[in-house]
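Order of the sequence lines fixes the chain letters, A, B, ..., with proteins taken first and strands second; residue numbering starts at 1 for each chain. Quick caveat, the model's predicted, so the values are computed rather than measured. Values below: every heavy atom of this structure, side chains too, minus hydrogens, waters and symmetry copies.
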Protein chains: 2
Amino acid sequence: MVVLELSEQDVNRLFRALADATRRDIVCRTLVADVSVSQLADSYSMSFAAVQKHVAVLEEARLVAKEPRGRERMVRGNLDRIRQAQRLLDSFEELWRSRIDRLDILLAEDEPAPPDS
Amino acid sequence: MVVLELSEQDVNRLFRALADATRRDIVCRTLVADVSVSQLADSYSMSFAAVQKHVAVLEEARLVAKEPRGRERMVRGNLDRIRQAQRLLDSFEELWRSRIDRLDILLAEDEPAPPDS
DNA sequence: ATATCATACAATCAAATGGTTGTATTAGAA
DNA sequence: TTCTAATACAACCATTTGATTGTATGATAT
C-alpha cells in the first residue's frame, strides 16, 4: 500500500484545483479520453491561453499530466490523485468516528456520563 | 437516499474551503469536539478576526455550522458535507471506469482494436 | 453598574487568481 | 520552403483572498 505522502501545500493545490468548474470538467474529460489542449480550448468560451492556464493549475496539482504528441500536448487525467483526495476525506470521517467511539466509552461508564465540561 | 443537490457554485465553495490548511484543521477539530471560535483562535498564530473569517468561509461551504452557546459560538463540523465531497470524487472514478469499460468492449470486438484515432 | 470576554463587522492592504492580448517558437502540411 | 496550427509565455488588469487593525455590541462575572 502506498503511503499518503502529501505536504500541506500539495493538499492545498489539490483542493484548490478542484474548486473550479472548468477545471473539474477538464479532469472529467481527460479521465474518459485523451484530449489535446486545443481540443479542450474549443469547448469553453474563453481564450486558448485561459484554458492553458487551467491545465497548468491541474498539472501543478498533478491531477493531469501533459504528454507531447506531435505538435500537440495530450492531457491525461490522473486518477491516483483523485484517490488521494478521497483518502484525505476518509481521514476526516475517521476522526469523526473516533469522537463517537469516545462518547460511547463515556456512556458505558459506571457513573452517568458528565455533561460536556 | 439523499440526492446530491449541489450547484457548481456550491461545489466550488466546498473544495475552495478545503484548500487551506488552517480551515482543514478547524474542520478536524470541530468534527471531534465542540469548540468555540475563540478557542480555535487561541490555537493559531493569527488574529481572532482572521480565524473568524476562516470559520465564515467554512460556514458558507456548510462544512461547519455555528450554534450560539451563551456568549460564545460553538462550531460544529458537518460530516454530511464531507461525504458529499466524497461522492463527487466517486463520480470522477466512475467516469474513469466507464472509459475502461468502453476500452474492454473495443478489445472484445471481432476486429482487432483500432489505435486511438 | 461596570468591567471584561466573545463576537461581529467595516476599512484597508498585499498577494494570488482568472481572465485578456500580444509575441515567439515549433512541428506538420502544402 | 513557406504557411499554418498548437503551444509557450510575458505583460497587463480586475476581482478575490487572506490577513490586518479598529470600533461596536452583547453576555458574564464582579
Side-chain angles (χ1 to χ4, degrees), chain A residues 7-27 29-30 33-76 115-117, chain B residues 7-27 29-30 33-76 115-117:
Chain A
S7 70
E8 294 279 43
Q9 266 290 340
D10 289 336
V11 181
N12 291 353
R13 270 192 280 265
L14 179 51
F15 284 121
R16 183 128 226 335
L18 290 170
D20 179 279
T22 303
R23 288 195 293 260
R24 283 192 302 275
D25 194 64
I26 291 175
V27 171
R29 290 187 55 190
T30 58
D34 281 8
V35 200
S36 71
V37 179
S38 51
Q39 282 176 316
L40 287 171
D42 287 340
S43 324
Y44 308 107
S45 58
M46 66 182 77
S47 67
F48 177 85
V51 174
Q52 243 183 339
K53 280 198 191 179
H54 281 304
V55 171
V57 170
L58 290 168
E59 216 180 352
E60 279 197 41
R62 307 218 182 283
L63 276 164
V64 305
K66 272 189 302 188
E67 186 188 354
R69 175 106 94 197
R71 66 178 149 181
E72 56 205 326
R73 310 300 148 129
M74 305 309 287
V75 185
R76 55 171 29 242
D116 279 51
S117 66
Chain B
S7 70
E8 293 279 44
Q9 267 289 341
D10 289 337
V11 181
N12 292 352
R13 270 193 279 266
L14 178 50
F15 284 122
R16 183 136 230 325
L18 290 170
D20 179 279
T22 302
R23 287 196 292 259
R24 284 192 302 273
D25 194 64
I26 291 175
V27 171
R29 291 186 54 192
T30 58
D34 280 8
V35 200
S36 71
V37 179
S38 51
Q39 283 175 318
L40 287 170
D42 288 338
S43 325
Y44 309 108
S45 57
M46 67 183 76
S47 68
F48 176 85
V51 174
Q52 241 181 342
K53 281 198 190 180
H54 281 304
V55 172
V57 169
L58 290 168
E59 216 181 351
E60 279 198 42
R62 306 219 183 280
L63 276 164
V64 305
K66 273 190 300 189
E67 185 185 357
R69 175 105 96 193
R71 67 176 150 185
E72 57 205 325
R73 310 284 182 233
M74 306 309 287
V75 185
R76 53 169 34 239
D116 278 52
S117 65

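Protein atom CZ of B/R13 is 13 Å distant from nucleotide atom P of D/dT16, rounded to whole Å. Here the P atom of nucleotide D/dG18 and the CD1 atom of B/I26 are 12 Å apart, to the nearest Å. Rounded to whole Å, atom P of D/dG26 lies 11 Å from atom CZ of B/R73. Between the CD atom of A/E72 and the P atom of D/dA5 there is a distance of 13 Å, rounded to whole Å. Taking atom CZ of residue B/F15 and atom C1' of nucleotide C/dT17, one finds them 19 Å apart after rounding to whole Å. Taking atom CD of A/Q39 as the reference point, atom C1' of D/dA5 lies 13 Å away to the nearest angstrom. When the P atom of C/dA16 is taken as reference, atom CD of A/Q9 falls 11 Å away, rounded to whole Å. Distance CG (B/D42) to P (C/dA6): 8 Å, rounded to an integer number of Å.
No more than 12 heavy atoms of other residues, nucleotides or ligands sit less than 6.0 Å from atom CZ of B/R62.
Within residues 50-67 of chain B, the residues having any heavy atom closer than 4.0 Å to DNA chain D are, in order of number, B/A50, B/K53, B/H54.
In terms of heavy-atom proximity, A/A19 sits nearest to A/R24 at C-NH1, 3.8 Å. Summarising the geometry of A/Q39 relative to A/S43, their closest heavy-atom pair is O-OG, 3.2 Å, with the distance given to 0.1 Å. Here the shortest heavy-atom pairing between B/G70 and B/R73 reads O-NH1, 4.4 Å.
A distance of 10.5 Å separates CG in A/L58 from NZ in A/K66, rounded to the nearest 0.5 Å. The OG atom of B/S38 lies 5.5 Å from the CD atom of B/E72; values are rounded to the nearest 0.5 Å.
Residue-level contact check: A/S38 touches the backbone only, with heavy atoms under 4.0 Å from sugar-phosphate atoms and none from bases. At a threshold of 4.0 angstrom between heavy atoms, the contacts of B/A41 with the nucleic acid are absent.
B/S7 and B/D10 share a side-chain donor-acceptor pair at under 3.5 Å.
Judged by closest nucleotide on DNA chain C, B/R71 is the one of B/R71 and B/A49 placed further toward the 5' end.
OP1 or OP2 of C/dG18 lies within a sub-4.0 Å distance of a side-chain N or O belonging to A/R23. Residue B/S47 places at least one side-chain N or O closer than 4.0 Å to OP1 or OP2 of D/dT20.
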